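Below you'll find the structure, written out as structure tokens, and then a few comments.
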There are 4 protein chains.
Amino acid sequence: MAEADTRTRILEAARRLFHEQGYGATGVATILREAGVHPGSLYHFFRSKEELLAGLLEYYPSLFAPIVSRPIEAAEKEAVERVFALLAFYRKGLEESGCRLGCPIGNLALEVSDNHPEVRPLLERNFAMWSGTVAGWLARARLRRGTDLDRLARFVLAVMEGAVMQARGAGSLAPFDAAVAELRRHFDLLQERAGASRARRRKR
Amino acid sequence: MAEADTRTRILEAARRLFHEQGYGATGVATILREAGVHPGSLYHFFRSKEELLAGLLEYYPSLFAPIVSRPIEAAEKEAVERVFALLAFYRKGLEESGCRLGCPIGNLALEVSDNHPEVRPLLERNFAMWSGTVAGWLARARLRRGTDLDRLARFVLAVMEGAVMQARGAGSLAPFDAAVAELRRHFDLLQERAGASRARRRKR
Amino acid sequence: MAEADTRTRILEAARRLFHEQGYGATGVATILREAGVHPGSLYHFFRSKEELLAGLLEYYPSLFAPIVSRPIEAAEKEAVERVFALLAFYRKGLEESGCRLGCPIGNLALEVSDNHPEVRPLLERNFAMWSGTVAGWLARARLRRGTDLDRLARFVLAVMEGAVMQARGAGSLAPFDAAVAELRRHFDLLQERAGASRARRRKR
Amino acid sequence: MAEADTRTRILEAARRLFHEQGYGATGVATILREAGVHPGSLYHFFRSKEELLAGLLEYYPSLFAPIVSRPIEAAEKEAVERVFALLAFYRKGLEESGCRLGCPIGNLALEVSDNHPEVRPLLERNFAMWSGTVAGWLARARLRRGTDLDRLARFVLAVMEGAVMQARGAGSLAPFDAAVAELRRHFDLLQERAGASRARRRKR
DNA sequence: GATGAATGAGGCTTCATTCAT
DNA sequence: TATGAATGAAGCCTCATTCAT
């Protein structure tokens with residue numbers, strides 16, 4: 001692991017700290033210390049803490065494929081199961097942290113979208129990438145006729161975020177598991193009479 | 001009397017400001033100014049900003065019935081429609097504020113649950129009241145056999161929170177509407193074979 | 001000398017430091033240290049460094065009579081001589097400081113009037129008090145017919161400020177003395193044929 | 001060649017910015033941006049911001065003849081009128097800028113002479129060139145016997161600087177005009193009995 | 001001689017809280 | 001109990017300058 005360049009070190013420190021403490025609760029000084037960087041350097045790359053936030057939201061999409069979607073796609077071939085593997089990924093994060101942290105993008109969406117509206121398009125871009133990936137997977141699933149895949153993917157994202165939120169509030173995985181179980185039921189219903197005759201492209 | 005007034009004025013100011021700006025971004029000085037109160041007074045009623053937060057989370061449940069659930073129950077008698085009236089209530093809040101503000105409890109859950117774990121039980125109590133109310137309504141609905149009402153209510157809460165989050169991030173109601181439409185579909189499927197003939201008021 | 005109140009201690013520290021170093025070159029931290037005060041205290045009385053500057057420019061007029069004009073009026077009864085005593089007061093300030101410091105109001109006028117236009121009225125008020133005092137003195141002088149006392153007083157102020165400026169630039173009293181000597185000549189000419197017959201009110 | 005260009009671009013940027021904002025309030029970064037130059041380049045030509053200031057004060061005299069004195073000498077042949085044309089030059093500067101900016105040398109004299117004593121000789125050199133030019137003009141005027149031309153020229157400079165200062169403080173040309181009018185009177189008195197019959201072009 | 005990243009001290013201001021009246 | 005001054009740590013950011021390329 002070569003010494004990352006300064007800009008990336010700053011982004012990585014910000015990513016971790018914003019995830020752990022939130023945007024407002026993270027001081028620039030802490031980011032500097034964790035990144036091993038001087039104030040002037042940070043402000044050389046980012047004009048303000050707010051632009052660092054924007055930079056981070058532009059950086060996140062580059063992490064999604066290598067860390068999240070590609071491993072899932074490699075491990076799981078069946079479309080609907082990929083969706084639940086994705087939810088399991090977030091469950092694991094909650095479990096390992098004692099129902100802390102949650103979804104970094106979701107956290108920022110609630111914390112900063114009102115006070116820093118410039119970042120809204122970047123938040124949306126992250127949500128769109130997430131739900132777009134899910135929709136892409138589901139294109140290969142056999143679901144009831146009339147299913148709107150983009151809408152369904154947005155729904156999955158909503159369930160995930162709302163489930164994570166309840167788990168963090170409760171300090172327990174129970175509400176997360178409840179929401180996911182009900183989502184599973186929704187998929188069961190969508191698949192129930194889906195393709196009596198449809199040919200399956202792949203098997204696993 | 002005057003005491004109760006002062007305390008309530010503080011709570012109301014905190015409620016509004018935490019909702020508009022978040023907990024961390026709201027300074028105690030701002031709360032004082034908005035409540036028309038001096039520091040000594042606030043610290044007479046609450047030992048710290050954190051205890052004010054706790055006080056607010058204890059105060060919120062007292063607002064839920066008069067402001068949220070009772071008006072819905074009065075206006076809508078059908079169980080499932082009450083659920084969607086509840087979601088419409090949040091949609092209206094988003095619409096009127098330009099996709100800002102969102103759910104005050106959800107915002108606090110993501111912002112403070114890690115850094116202030118003492119308030120977790122209070123957050124959970126608010127979530128439980130919300131989903132408990134929904135579950136109570138749904139007890140009178142005719143849904144598929146095997147439907148777990150508490151689980152379904154938690155699911156509704158998750159969808160609402162995740163839909164609000166996406167709308168705030170996007171600055172648009174579209175993802176909210178998408179998630180709610182898919183939730184409607186879930187209810188349709190749950191009701192499909194539940195009761196042979198019962199009329200549904202709406203379809204989409 | 002009783003311990004002055006906090007606000008006055010701050011103003012006195014600012015007065016001295018702004019005079020010695022200028023407004024921009026004086027850090028708030030230095031003012032705090034010299035006044036023996038904590039940041040919150042300063043910002044309790046003044047909303048910003050700029051408002052402290054405004055407060056100082058409102059404070060200055062209260063010093064003019066006791067420190068400047070009244071001692072001169074007590075020591076010197078003749079009108080024109082009072083004017084030159086006033087100039088001598090500034091000369092003494094230059095002499096004792098090695099041609100440094102100069103006129104505190106003049107310094108601020110050049111340094112801040114562009115970047116902080118809100119203080120212009122306060123600068124003007126200080127200039128008006130100074131020249132108003134001079135004009136008041138000259139009302140009792142025998143000067144050529146047609147002499148505009150306010151205009152003459154503004155002229156005296158201009159000469160003083162311009163003379164102080166040159167002395168500070170040169171690091172020498174010579175240009176100051178040259179300007180004052182020429183101003184003396186102007187007064188000599190104004191008095192030359194002034195009142196052949198006019199009765200003198202006072203003698204000394 | 002390219003070197004001369006760069007150095008001059010830096011000096012011109014510094015001249016403009018120091019005039020508009022003052023020395024202390026102008027950041028080196030701003031100078032760099034306005035000059036289109038990188039830090040290393042500036043520090044190649046000037047060892048510090050302070051040396052840039054010195055360089056600027058050495059550069060200024062080269063601008064005085066082409067921009068200030070020669071145009072006046074071309075337009076106005078009469079000695080005393082040249083002096084008032086010079087004052088009109090500064091008045092125009094105030095008028096065009098809304099009583100901002102003022103005399104660049106005077107501004108620097110008050111701002112930097114205490115904190116940067118090394119530049120005092122350069123300030124004095126600028127003042128001496130200015131008053132020397134005026135004294136040179138006045139050598140051809142018919143003034144009262146015993147008039148000390150250097151002293152009178154220093155006096156004119158003092159009036160100009162003090163008049164500019166008051167105009168900037170007041171945000172109005174009135175005090176400038178008052179001081180100049182009184183200076184006109186001084187010249188009138190000096191010329192009164194000097195030459196029996198010489199016609200004056202203008203009277204106040 | 002140009003480039004642009006790095007340095008680290010210091011800039012002004014706000015924070016939640018406590019104290020004296 | 002209300003008041004408003006005091007506390008002192010920490011907030012984000014800019015400064016003039018230097019370094020390696």
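Just so you know, these numbers come straight off a predicted model, no measurement behind them. Lettering of chains follows the sequences in order, A, B, ..., and the numbering in each one begins at 1.
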A:Arg15 vs A:Glu12, salt bridge (charged side-chain N to carboxylate O under 4.0 Å, His left out): CA-CA, chis, key distance, verdict: CA-CA 5 Å; A:Arg15 184 190 59 73; A:Glu12 273 298 319; 2.8 Å; yes
Any pair counted as ring-ring contact (aromatic ring centres under 6.0 Å, His included), so long as it reaches residues 23-42 of chain B, sequence neighbours left out: B:Phe18-B:Tyr23, B:Tyr23-B:His116
Interface residues of residues 46-55 of chain B with DNA chain E (non-hydrogen, below 4.0 angstrom): B:Ser48, B:Lys49
Side-chain donor/acceptor of A:Asn107 to backbone N/O of A:Gly102, under 3.5 Å: no
Donor-acceptor contact below 3.5 Å, side chain A:Glu111 vs main chain B:Gly22: no
Nearest-Å distance for atom pair CG/P, residues C:Leu17 and E:dG11: 12 Å
Donor-acceptor list for residues 27-37 of chain C side chains, cut-off 3.5 Å, not counting sequence neighbours:
unit_1	atom_1	unit_2	atom_2	d
C:Glu34	OE1	C:Arg16	NH2	2.5

Nearest-angstrom distance from the residue atom CG of C:Leu42 to P of E:dG11: 14 Å
Non-neighbouring partners of C:Pro121 that pass side chain to side chain contact (heavy atoms under 4.5 Å, CB included), sequence neighbours left out: none
Any D:Met165 side-chain heavy atom under 4.5 Å of C:Phe127 side chain: yes
Dot-bracket pairing map - DNA chain F, Watson-Crick plus G-U, both contacts under 3.5 Å, | cross-strand: .||||||||||||||||||||
Length of the CZ-C1' vector between C:Phe45 and F:dG4, whole Å: 9 Å
Any D:Val112 side-chain heavy atom under 4.5 Å of C:Arg168 side chain: no
Rounded interatomic separation in angstrom, taking CD from B:Gln21 and C1' from E:dT14: 14 Å
Spacing of B:Phe18 atom CZ relative to E:dA16 atom C1', expressed in whole Å: 12 Å
Where B:Asn126 and B:Leu57 come nearest, the two heavy atoms and their spacing: ND2-O, 3.1 Å
Candidate pair D:Leu11 and D:Leu52, rule side-chain contact (heavy atoms from CB on, under 4.5 Å), full reasoning: CA-CA 8 Å; D:Leu11 284 171; D:Leu52 169 57; 4.0 Å; yes
Gap between atoms CD1 and P, on A:Ile10 and E:dT7 respectively (whole Å): 10 Å
OP1 or OP2 of F:dT17 under 4.0 Å from side-chain N/O of D:Tyr43: yes
Stretch residues 22-41 of chain B: residues that reach within less than 4.0 Å of DNA chain F through a heavy atom: B:His38, B:Pro39, B:Gly40, B:Ser41
d(NE2, D:His44; C1', E:dA2) in whole Å: 10 Å
Nearest non-hydrogen partners of A:Lys49 and A:Gly24, listed with the distance: NZ-O, 3.8 Å
